[in-house]
Amino acid sequence: MSTLTQQDTFQGLFAAAPENFLSIRTLGKESFLSQGLPAVKAEEYKFTNLSKKLENAIKSFSPALSFEITDSQVKSALFDGFEGDVLVFVNGLFLPELSSSIEGIEVAKLSEKPEAALGSIAKASKDPFAALNQASFADGIFISVPKKANIEKPILLLSFNKENVGQVIQPRIWIEVGDFAEVTFLDQSISLNDSSYFINKVVEIKGGVNSQINYYRLQNESKNTIEVSNIETDIQKDAKFTSVNISLSGDMVRNNLSLNLLGSNSEGNMFGVYLLNGKTHVDNHTNVDHTIPHAESNELYKGILADQSRGVFNGKIFVRQDAQKTNAFQQNNNILLSEDAIVNTKPQLEIWADDVKCSHGCTVGQLDEEALFYLQARGIDKTSAKGLLLYAFAGEVLEKIEEESFRNHVVNLIQERLGSKF
Amino acid sequence: MLSIKNLHASIEGNEILRGINLEVKAGEVHAIMGPNGSGKSTLASVLAGREEYEVTEGEVIFQGKDLLELAPEDRAREGVFLAFQYPVEIPGVSSTNFLRTALNQVREYRGLEPLDAVKFLSLMKEKMALVEIDQKLLSRSLNEGFSGGEKKRNEIFQMAMLEPTLSILDETDSGLDIDALRIVSNGVNKLKSDKTATIVVTHYQRLLDYIVPDYVHVLYKGRIVKSGTKELALELEEKGYDWIKEEVDSAATV
Ligand SMILES: Nc1ncnc2c1ncn2[C@@H]1O[C@H](COP(=O)(O)OP(=O)(O)OP(=O)(O)O)[C@@H](O)[C@H]1O
Ligand SMILES: [Mg+2]
């Protein structure tokens, strides 16, 4: 972007944007142009220099187009033990033909739902990438779970991505969950080639009163994936929302996760594991906004970093003046396996109410050598012993995944990565 | 079975072991006593393969093999077992999963089939009875929140599971109440045979009433300065270490 103005750089995306959601797109574009891509010193992106990364890696800022995919490709992409419904995306575009029709749930392309209040939860003004998506997403999905529906089987949002023609993939997902409804989403993407592409994803979730929503995400794409996501949820009275985010791969990944606790007795949970190697860079920026009294938030992120990988954690807890009796917990623990790995971790607490329980802590350490020796002294080889210890470290987060097949899948991937047989 | 010759070891540049010589034959029990800080645990750790210690001189031959050449896990697989003075707490690692991994890796090394879940559980039950350890303890994370005595008992339970040839018990008696001491000692005695050997590190005669040593050695300033039979332990109990320290220290100044 050094030689091009940002307007020029992204002109291809703006020009290709469809003629719908016009006022929303205009707002997004204006917001993007006024914010611009984050500058090198921008506080919110200071450890994660996406501008430079994009400049170096992305040759064509035009939308990656849809491509053919077969039913058998979809089937073989499903992990062992998965039982549920699948919604298929290619380069961010929803493909109803290959997707399940899910009983009791309304699913449509966003282009068929002009009434969707896009940008009302994940606001363009808060983040330039959210703004860029809002201005120029090609199409997306609208999912509505009606009141009182109890969707027992998980819904898998399965994305196939590959660089073709252009390199920018902009998924746009709108989910609304009615009062008293329960649903679990699994979010997983698969890279079909190794070339660099840029995913700029926005997910907005509108939870109803007393709803229970789980959003479990696995990030295990190619080593060349550059990804930014903005996932934001409104949580109403008596409702519970739980996010578990597992990051295992990618080039540079930035996850913005924001929970807005809008009704009393609501609960927001944010859990994550990042297990990184090579030069993978993963940045989890989370934000929980306690706007009302008597709500609770829990956060636990654990990082294991090998080689020259880098992890960034920034956890913001915002407790507004009215939000008395808030309980907010936050913890981030990291293990560095190499001298070249880096972690930047920072709690960011802004508390305006006086009667709150709030705790936070972060640690960065190495593998416990004494524990390692103890295991070896019992005959366990070093790799397995390390694996056992690291797996135990991550396990506290993994057990938050209530959907068993998905948990097993993640556990298998992690054990495989840790190279241990146990 | 074990032959230690002129073993010198240091940590962070400080020489802790300064020429240890010790011969242990199959069927024997050796007690190692000595004042705090004399190097008893260091010797045990060096034998088990703790990498922080640097062996600067000497050799250790175990059943014809150069023990110092082997990785800690291979020493365990060859049959060396160290019951730690301070067993480590390992949150998140289940005792059962840990033991099964350990046992099956040891078995694999020894050319044996891995035990399936059923056989493993029945072996656990058998060995649990031997040291009278509570099932509840083993359903928790490894040593996590265990009392001092429970940790020691768990060490002997692991020993029973792994069936070592050479067991090194580092102050396994400290932290045990009278009943536990008897139970644990009985366990150790039942695991003894004419093919195995035991090195017990202790400060107290009371353990040696149960696990009767063939030889007693006194370690002081990184050397074995006196060896004798079980009577030596009684003498130490009575007179303390001062007379030995004096003997050694005056000899050194001459
Ligand atoms: N990292 C280290 N740097 C320097 N000295 C050390 C280090 N670790 C241990 N030591 C010293 O080595 C000496 C021997 O310690 P060791 O634990 O072997 O003694 P011990 O005979 O087992 O004592 P105790 O009866 O108290 O268990 C002690 O003086 C101890 O302080
Ligand atoms: Mg000691």
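Proteins come first, then strands; the chains are lettered A, B, ... in the order of their sequence lines, and each starts at number 1. Quick caveat, the model's predicted, so the values are computed rather than measured.
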Grab the two heavy atoms, one from A:G379 and one from B:R77, that are nearest each other, plus how far apart they are. O-NE, 2.9 Å
Residue part contacting chain A, namely of B:P87, when any heavy atom lies under 4.5 Å: both
So A:Y374 and B:L142, do their side chains get closer than 4.5 Å, heavy atoms only? yes
So B:F84 and A:F373, do their side chains get closer than 4.5 Å, heavy atoms only? yes
Roughly how far apart are B:F98 CZ and A:L388 CG, rounded to 0.5 Å? 9.0 Å
Would the number of heavy atoms belonging to other residues, nucleotides or ligands and lying under 6.0 Å from CD of A:Q348 be above 12? yes
Under 4.5 Å heavy-atom distance to chain A, tell me which part of B:N104 shows up: side chain, backbone, both or neither. neither
With a 4.5 Å limit on heavy-atom distance, are the side chains of A:I380 and B:V106 in contact? no
Is A:E396 close to chain B through its backbone or its side chain, or both, or neither, when contacts mean heavy atoms under 4.5 Å? neither
Contacts with chain A made by residues 121-133 of chain B (heavy-atom distance under 4.5 Å), listed by residue number: none
List the atom of A:A392, the atom of B:V93, and the distance in Å for their closest heavy-atom pair. CB-CG2, 3.6 Å
When only heavy atoms count and the cut-off is under 4.5 Å, which of residues 38-67 of chain B reach chain A? B:S45, B:A48, B:G49, B:R50, B:E51, B:E52
Is it true that, when you exclude A:K223 itself, more than 12 heavy atoms of the residues, nucleotides or ligands shown sit nearer than 6.0 Å to its NZ? yes
I'd like to know if the side chain of B:Q105 reaches the main chain of A:D381, judged simply by a donor and an acceptor atom lying under 3.5 Å from each other, with no hydrogens or angles considered. yes
Please determine whether the number of non-hydrogen atoms from other residues, nucleotides or ligands lying under 6.0 Å from atom CG of B:D116 exceeds 12. yes
Give, for atom CD1 of B:I90 and atom CG of A:D368, the distance between the pair rounded to the nearest 0.5 Å. 7.0 Å
Donor-acceptor contact below 3.5 Å, side chain A:R378 vs main chain B:L82: yes
Do other residues, nucleotides or ligands put more than 12 heavy atoms under 6.0 Å from A:K316 NZ? yes
